[in-house]
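Just below is one structure, and these are the notes that go with it.
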Protein chains: 2
Amino acid sequence: MLEKDKIHVGDCRQVLSDHILFPGGTVDLVITSPPYADRRMHSYGGVKPAAFTDWFIPISGELYRVLKPRGSLVLNMKENVKNGERQTYVIELILAMRKQGWIWTEEYCWYKKNSYPGKWPNRFRDSWERCLHFTKRRDFRMYQDAVKVPIGDWATKRFRSMSEKDFIRSMSATSSKFGRRVANWANKRKVFPHNVVVFESEHYYEPSTMIHFATECKNRNHSACFPIELPTWFIKLFTKKGDTVLDPFIGVGTTAVAANALDRHFIGIEISPAYAKEAYRNIRAMKKRTK
Amino acid sequence: MLEKDKIHVGDCRQVLSDHILFPGGTVDLVITSPPYADRRMHSYGGVKPAAFTDWFIPISGELYRVLKPRGSLVLNMKENVKNGERQTYVIELILAMRKQGWIWTEEYCWYKKNSYPGKWPNRFRDSWERCLHFTKRRDFRMYQDAVKVPIGDWATKRFRSMSEKDFIRSMSATSSKFGRRVANWANKRKVFPHNVVVFESEHYYEPSTMIHFATECKNRNHSACFPIELPTWFIKLFTKKGDTVLDPFIGVGTTAVAANALDRHFIGIEISPAYAKEAYRNIRAMKKRTK
DNA sequence: GTTCCGCATGAATCGATAG
DNA sequence: ACTATCGATTCATGCGGAA
């Protein structure tokens, strides 16, 4: 029987292959950020870039089995650079997963404004990651209304018509929140988003930007690979209340916290007992806050 | 001998293979938006998605030959959707070009804020395109200082201290430009950009500098539509004044106009005589304006 | 209760050095 | 030649302490 709202400690390759614990066709959404090649060497035995596809394909096979026919799989990944070149293991994975039966429905672009700093002679900072959307069928479930955003055009037009004097006066004044006010006003009309996902802090630099969330990727001591807004967005988009969300590399529990806050069930798998513990702590902390 | 500031009319497969007209190692930057699979069927003989790679590889081979050792190739592409699925010809092309000797240095993301409208049950509007950056060597030429951008943090801090009253007063005022003011103030400090390219201009389908282009683009559904800001950015980034820029699918001449405006030489190839004519018209129109 | 200022810190990458 | 480690680079963000 599928146990919900639980985090299994172990290697997801083994855990997922337990057909009693994980019956087929029971999960509505799988969302995860797999350990990149060359990362987390200690825990996953150092997956070499060349072997990444071979390592992941059995896992995606189990995910295919576990997913409901009209469910979705979202993989957050970005190939890293080696010898001055982007590696190819992610695009190779796409091709391999299609052969496995997956439909590569879409590639969402997560635009990370707070990307890792640095300067190099041959490239700029990497500020975007792929969110690969795979499905089993073309008529998968999608709840677009759940992620509508305030219309961006509104603020653009208002700001453009702001006088220079008013602008300067505004700049020199000091008190209260600016961002929230705009957000409230902008809530009046909503439109559908597009396939570039941006999470921003509540304050903005460009008047035309109207999607605002915190960009926090850090949870006290432990770092999460994506901010909670990322799973939140996809969970809203591909599931409804009471559905079940699976993250086979759940880390410190970001996906679980997001699912729980949205009244969805979660199932997590984590190889590191310390991370799993921290995940439970984060879930408890969230529950306490929303009470 | 390499003739510069000229647009060759013909199929670039033939034109590029002329080793007299196009000697090896003479071009500093190739930037282009190839006709996507399934588009421009009439002009290029209907390239099927499955055959796209086979069709393009001989062309990229000639581009490799023509490019200087430390030059760059930028391909603006995005796979279209067929049967509810993203097609794989672009990622297959990346793998094939690597086998050809190209280094897949980076994938820039062009974030199109004003993307083509539309609504579908299974996906949102496609608002980003790949700008694939290929090189022959790891020590290619890159002029990062040429594309520095105003710091984002400045405006954030200022806006945070704007009072509610001033905000409302500002919103109700109407005259003058807001955006420019910000730009001027923000020019004080500049930082390096990242690999997500966003242009703030409004008309992505009708570059303001392209006088004749606008109607043409709408009416005839020309596929290679990027705003002039796109080639401008990459030309600044990968070439210096006096260098030579090649676009083998130049269409109505956007790349030529950009190169000319930046004091770079251009070479264009275009299969449609009507487009080539239009390109010359656009170049003349630009020259007249800057005089 | 708020705002402001300073500071530490990241799913990074390069180039040099060492084994 | 090939891999492992280290220091330098860079900036958006959250946090803590002070006004």
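Owing to the predicted nature of the structure, the values given are computational and were not obtained by experimental measurement. Values below: all heavy atoms of this structure, side chains included; hydrogens, waters and symmetry mates excluded. Labels below follow one simple rule: chain letters A, B, ... track the order of the sequence lines, proteins then strands, and each chain is numbered from 1.
Between the CG atom of B:Asp139 and the C1' atom of C:dA16 there is a distance of 17 Å, given to the nearest Å. Separating the CH2 atom of A:Trp120 from the P atom of C:dT13 is a distance of 6 Å, rounded to the nearest angstrom. Between A:Asn114 atom CG and D:dT10 atom P the separation is 19 Å, expressed in whole Å. As rounded to whole Å, 21 Å separates atom P of C:dA12 from atom NZ of A:Lys113. For B:Lys190 and D:dC11, the NZ to P distance is 13 Å, given to the nearest whole Å. Taking atom CZ of residue A:Phe226 and atom C1' of nucleotide D:dT13, one finds them 19 Å apart after rounding to whole Å. The nearest whole Å value for the distance from the OH atom in A:Tyr116 to the P atom in D:dC11 is 13 Å. Rounded to a whole Å, the NZ atom of A:Lys82 is 16 Å from the C1' atom of C:dA11.
The side chain of A:Arg125 contributes no N or O atom lying less than 4.0 Å from OP1 or OP2 of C:dT13. For C:dT13, one of the phosphate oxygens OP1 or OP2 lies less than 4.0 angstrom from a side-chain nitrogen or oxygen of A:Arg86. For A:Asn122 and C:dC14, the shortest distance from a side-chain N or O to OP1 or OP2 is below 4.0 Å.
Looking at B:Glu79 and B:Arg86, no side-chain N of the basic residue comes within less than 4.0 Å of a carboxylate O on the acidic one, giving no salt bridge. Between A:Arg264 and A:Asp243 there is no salt bridge, since no side-chain nitrogen of the basic residue lies less than 4.0 Å from a carboxylate oxygen of the acidic one.
A donor-acceptor contact under 3.5 Å is formed by the side chain of A:Ser33 with the base of C:dA11.
Summary of the strand contacts: A:Val81 and A:Pro117 both lie near DNA chain C, and taking for each the nucleotide with the nearest heavy atom, the more 5' one is attributed to A:Pro117. If you find the closest nucleotide of DNA chain C to A:Glu129 and to A:Arg123, the one lying nearer the 5' end belongs to A:Glu129.
Across all strands shown, A:Pro34 has heavy atoms under 4.0 Å from base atoms, whether or not it also approaches the sugar-phosphate.
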| message | Under the criterion salt bridge (charged side-chain N to carboxylate O under 4.0 Å, His left out), I'd like the reasoning laid out for B:Glu107 against A:Lys78: C-alpha separation, chi angles, the key distance, then a yes or no. | response | CA-CA 11 Å; B:Glu107 180 173 343; A:Lys78 183 63 181 271; over 6 Å; no
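Tested against A:Thr255, the residues A:Thr232, A:Thr32, A:Asn260, A:Asp247 include a single side chain to side chain donor-acceptor pair (under 3.5 Å) partner, A:Asp247. When each of B:Phe234, B:Phe140, B:Trp233 is tested with B:His133 by the rule ring pair (Phe, Tyr, Trp, His ring centres under 6.0 Å), just one qualifies, namely B:Phe140.
Of the candidates D:dT9, D:dA12, C:dG15, D:dA12 carries the atom nearest the B:Val191 side chain, counting heavy atoms from C-beta on.
Across all strands shown, C:dA11 remains unpaired; no Watson-Crick or G-U wobble contact has both distances below 3.5 Å. The partner of D:dA4 is C:dT17, judged by Watson-Crick or G-U wobble contacts that both fall below 3.5 Å.
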